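Presented below is the structure to which this report refers.
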Amino acid sequence: MSRKSLGLPDDLHEYLLSVSLRETEVMTRLREETAEHPRAHMQIAPEQAQFLRFLVQLIGARRTLEIGVFTGYSALAVAEVLPPNGELVACDISEEYTEVARRYWREAGVNHQIDLRIAPAEDTLTSLLDDGAAGTFDFAFIDADKETYDTYYEKSLQLLRPGGVIAIDNVFRGGRVTDPAPDDESVQVVRDLNEKLHTDERIELTMLPLADGVTLAMKR
Ligand code: SAM
Ligand code: CA
């Protein structure tokens with residue numbers, strides 16, 4: 001679903017990649033290995049990973065959060081550009097998927113900067129808040145189970161410092177957000193969240209038609 005921007009013709013997508021994609025060799029190998037995975041569609045598009053990398057550097061992020069790791073491509077994109085004292089708290093429930101991630105993070109020399117927590121992300125975010133981490137994160141990327149997106153957003157917002165940014169993936173749900181009567185709960189949840197954010201006074205907001213739609217929310 002997120003392999004390239006919805007509606008972007010294949011030839012233009014190939015052109016975009018041919019003139020702008022900058023990937024480290026480890027990222028390319030991880031992307032190629034994941035392409036053979038039965039759930040390969042879960043990985044973010046390469047131009048989206050590059051965008052996240054750009055953003056993380058732009059805001060000078062040091063403490064970052066990822067909700068939904070899979071085989072570790074988006075986490076690697078971010079971790080590689082963190083400062084030496086930077087860190088990424090990475091949340092997933094799958095040992096199987098993240099075993100691949102750990103292998104590539106080690107190869108890229110960023111494993112020591114990634115704190116992988118295998119547990120429901122909601123629990124990990126709650127324990128971070130209980131440990132007094134509110135207001136200490138610079139960046140969060142939300143890309144796990146869509147039914148829990150509202151909780152991920154609320155808890156991430158608490159964890160962020162003012163000026164920190166949350167990136168939310170798949171806000172178009174493959175185009176289904178415009179369906180007048182979606183039969184999929186995840187579409188309804190994401191649509192409700194999109195509408196909530198439109199008037200949320202706690203943030204600055206932009207929604208990008210990148211990949212399957214990416215919302216950026218900057219905490220005021
Ligand atoms: N960002 C990843 C990338 O670029 O490759 C893709 C993430 S994939 C779309 C979603 C991930 O969320 C899966 O690896 C899945 O195991 C994880 N997940 C699903 N439910 C979860 C939960 N309740 N808590 C934490 N992770 C969860
Ligand atoms: Ca996604």
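For ligands, and for the atoms within them, numbers begin at 1 and follow the listed sequence. In what follows, every heavy atom counts, from backbone to side chain, and hydrogens, waters and symmetry copies are set aside. All figures in this text were calculated on a predicted structure; none of them were measured in a lab.
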- Pick one of side chain, backbone, both or neither for how Val69 approaches ligand 1, counting any non-hydrogen atom pair under 4.0 Å.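 Just the backbone.
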
Do [X] and ligand 1 have an N or O pair less than 3.5 Å apart?
X: Ile44; value: yes
X: Asp143; value: yes
X: Met42; value: no

Please list, in number order, the atoms of ligand 1 under 4.0 Å from a heavy atom of [X].
X: Tyr97; value: 14 (O), 16 (O)
X: Pro120; value: 24 (N)
X: Ser74; value: 1 (N), 2 (C), 3 (C), 4 (O)
X: Tyr152; value: 22 (C), 23 (N), 24 (N)
X: Phe70; value: 2 (C), 5 (O), 6 (C), 7 (C), 8 (S), 14 (O)

- With a 4.0 Å cut-off on heavy atoms, is Asp92 touching ligand 1?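 It does, in that a heavy atom of Asp92 comes within the 4.0 Å cut-off of ligand 1.
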
What protein heavy atom sits nearest [atom], and how far off is it?
atom: atom 5 (O) of ligand 1; value: Gln43 CA, 3.5 Å
atom: atom 19 (C) of ligand 1; value: Ile93 CD1, 3.8 Å
atom: atom 24 (N) of ligand 1; value: Ala121 N, 2.9 Å
atom: atom 22 (C) of ligand 1; value: Asp145 OD1, 3.3 Å

- Distance from Leu16 atom CG to Ser5 atom OG, nearest 0.5 Å?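 Spacing of CG (Leu16) from OG (Ser5) equals 7.5 Å.
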
- Message: Restricting to N, O or S, what is the name of the atom of Asp169 that lies nearest the Ca ion (ligand 2)?
- Response: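 This turns out to be OD2.
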
- Message: From the N, O or S atoms in Asp143, identify the one nearest to the Ca ion (ligand 2).
- Response: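 Going by distance to the Ca ion (ligand 2), the closest N, O or S atom in Asp143 is OD1.
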
Following the transitive rule for hydrophobic clusters with a side-chain heavy-atom cut-off under 4.5 Å over Ile, Leu, Val, Met, Phe, Trp and Tyr, establish whether [X] and [Y] coincide in one cluster.
X: Leu129; Y: Tyr153; result: yes
X: Val78; Y: Met218; result: yes
X: Leu30; Y: Val81; result: yes
X: Ile44; Y: Leu17; result: no
X: Val56; Y: Leu208; result: yes

- Metal check, the Ca ion (ligand 2) vs Gln43 N/O/S, cut-off below 3.0 Å: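 No, Gln43 does not qualify, because none of its backbone or side-chain N, O or S atoms lies under 3.0 Å.
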
- Message: Quick one: does any side-chain atom of Asp184 pair with a main-chain N or O of Ser186 as donor and acceptor, under 3.5 Å?
- Response: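 Confirmed, Asp184 side chain pairs with Ser186 backbone.
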
- Indicate yes or no for a side-chain donor-acceptor contact from Gln50 to the backbone of Arg22 under 3.5 Å, with no hydrogens or angles considered.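 It does hold such a pair.
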
- Message: Quick one about Asp92 and Ser94 (side-chain donor to acceptor, distance below 3.5 Å, no hydrogens or angles considered), yes or no?
- Response: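 On atom types as modelled, these side chains do not qualify, holding no pair under 3.5 Å.
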
- Query: Would you find more than 12 non-hydrogen atoms of other residues, nucleotides or ligands less than 6.0 Å from His112 atom NE2?
  - Reply: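 Counting other residues, nucleotides and ligands, NE2 of His112 exceeds 12 neighbours.
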
- Is Asp10 salt-bridged to Lys4, going by a charged N under 4.0 Å from an acidic O?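 Here Asp10 pairs with Lys4 in a salt bridge, since their nearest N and O are under 4.0 Å apart.
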
